[in-house]
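Just so we're clear, the structure is a prediction, and the values are computed from it rather than from any experiment. Along the sequence shown, the residues carry numbers beginning at 1. When a ligand or atom number is given, it counts from 1 through the structure's own listing order.
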Amino acid sequence: MRIVSLAGGIGGARFLRGLRAAVPDAEITVIGNTGDDITLFGLRVCPDLDTVMYTLGGGINEEQGWGREKESHVVKEELAAYGVEPQWFGLGDRDFATHIVRSQMLEAGYTLSQVTEALCDRWQPGVRLLPMSDDRCETHVVITDEQGRRAVHFQEWWVRLRASVPAESIALVGADTAAPAPGVLAAIEAADFVILPPSNPVVSIGTILQIPGIREALTGKTVVGVSPIIGGAPVRGMADACLTAIGVETSAQAVLSLYGSDLLDGWLVAPEDSSVALEGVRVEARPLLMSDPDATAELARAALALAQELSR
Ligand SMILES: O=c1nc2n(C[C@H](O)[C@H](O)[C@H](O)CO)c3cc(O)ccc3cc-2c(=O)[nH]1
């Protein structure tokens with residue numbers, strides 16, 4: 001069985017861990033969001049790729065959902081001692097090694113796909129992890145604060161500002177000239193079906209869908225999504241702030257409509273959202289909380305069962 005999944009950060013990675021547990025023999029290809037990527041201290045950081053790689057590779061800081069477990073922050077403290085900015089992004093010592101390896105490979109001319117493959121060779125995530133694109137595209141957010149109206153990198157809005165300043169608009173800079181990474185379209189084409197995990201529909205799944213060619217490739221496949229919103233609130237993270245920024249209500253219904261029936265064939269919602277409906281999409285209510293590995297595997301099995309039924 002060949003499955004393709006689009007994924008962002010924490011929610012997507014946890015769901016994928018359940019998916020891998022649910023169908024250990026399936027060939028799973030993950031198309032990872034790179035819109036969160038940022039260059040800091042001369043190093044290229046790919047938060048969502050690393051969250052998938054560490055989560056599935058067994059090195060994730062479980063309570064944070066990002067970064068490494070058993071971390072220390074000596075380098076961060078030394079950088080702060082030199083007064084270099086930014087100091088608001090928590091890079092740990094072990095995590096720095098990943099960014100150093102990635103940066104020196106990029107510097108040597110390897111593509112992000114080749115770098116990701118090399119890093120995954122160590123972590124063995126048990127899925128094929130492809131960046132959505134090898135071309136640089138970064139999510140930026142337009143805000144107005146005491147420094148006036150300006151665009152800031154997504155990470156500054158997300159981490160330094162905690163999305164406390166309203167996002168007037170969110171743009172994936174570089175999307176229009178970016179190409180899907182090698183293997184992305186072929187993986188979608190070869191997939192038996194596609195699963196959209198409960199990642200952020202705007203800055204994770206939505207970002208990947210903006211890479212020319214990816215959304216079109218998906219409309220020809222059986223696609224089942226899992227709602228990231230339960231009863232009007234995101235399960236975690238700040239998807240509500242992102243949805244508000246694009247004028248979409250924070251509800252399972254609104255996210256379903258945002259993805260649209262041309263993309264989705266099936267949609268899993270929480271029991272309290274069982275009234276959600278959209279012409280041409282099979283909606284099913286299931287417990288969505290990924291409270292532990294068994295619950296997560298159960299949710300993944302429900303998504304698989306729906307996809308298999310719809311792809312007959
Ligand atoms: O809320 C935070 N998220 C941090 N994240 C998460 C990051 O902002 C992700 O992009 C979001 O979680 C969205 O997926 C990191 C991810 C990394 O791979 C490496 C370092 C960080 C540091 C932080 C941080 O200091 N605070």
Side-chain angles (χ1 to χ4, degrees), residues 5-17 30-57 59-77 79-80 84-103 112 115-116 119-120 123 125 129 131-132 137-141 152-165 167 170 172 196-208 228 234-243 245 290:
S5 189
L6 277 54
I10 303 162
R14 288 198 172 138
F15 177 86
L16 288 166
R17 195 167 47 185
V30 178
I31 300 170
N33 171 42
T34 58
D36 282 7
D37 297 2
I38 186 169
T39 297
L40 296 171
F41 317 113
L43 299 174
R44 193 69 181 157
V45 180
C46 301
D48 281 355
L49 295 180
D50 290 349
T51 288
V52 171
M53 183 174 74
Y54 289 156
T55 301
L56 295 177
I60 194 74
N61 177 317
E62 195 63 45
E63 43 284 349
Q64 272 181 180
W66 51 266
R68 287 288 307 280
E69 60 175 356
K70 304 188 184 84
E71 257 301 10
S72 53
H73 293 86
V74 174
V75 173
K76 183 175 186 309
E77 288 154 16
L79 287 166
V84 295
E85 288 298 331
Q87 299 181 25
W88 43 264
F89 199 71
L91 287 170
D93 297 327
R94 294 176 187 275
D95 200 28
F96 263 112
T98 298
H99 312 314
I100 291 167
V101 171
R102 174 183 294 119
S103 303
L112 183 58
V115 172
T116 305
L119 295 173
C120 285
W123 288 101
L129 176 57
M132 66 188 192
C137 23
E138 294 178 4
T139 301
H140 281 65
V141 177
V152 295
H153 189 285
F154 167 76
Q155 294 297 351
E156 179 170 358
W157 181 65
W158 190 263
V159 176
R160 187 174 73 78
L161 299 171
R162 304 300 317 152
S164 59
V165 178
I170 297 179
L172 181 62
L196 304 187
S199 286
N200 188 309
V202 181
V203 294
S204 293
I205 304 285
T207 305
I208 300 169
V235 176
R236 76 171 282 154
M238 298 174 278
D240 43 349
C242 302
L243 287 164
M290 300 188 284

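What you find for T51 and G65 is that their closest heavy atoms are CG2-O, 3.3 Å.
Protein residues with a heavy atom under 4.0 Å from ligand 1 are G9, D36, P47, D48, W66, W88, F89, G90, L91, D95, Q155, W158, V159, R162.
Expressed to the nearest 0.5 Å, how far CD1 of I10 lies from OG of S199 amounts to 9.5 Å.
In this view, E138 and R44, R136 satisfy the salt bridge (Lys or Arg N to Asp or Glu O under 4.0 Å) rule, not counting sequence neighbours. Applying the ring-ring contact (aromatic ring centres under 6.0 Å, His included) rule to W66 yields no partners; only residues at least two apart in sequence or on another chain are considered. Not counting sequence neighbours, the partners of D50 by the salt bridge (Lys or Arg N to Asp or Glu O under 4.0 Å) test are R102.
The aromatic rings of W123 and Y54 lie perpendicular to each other, with more than 60° between the two planes, well past the 30° mark.
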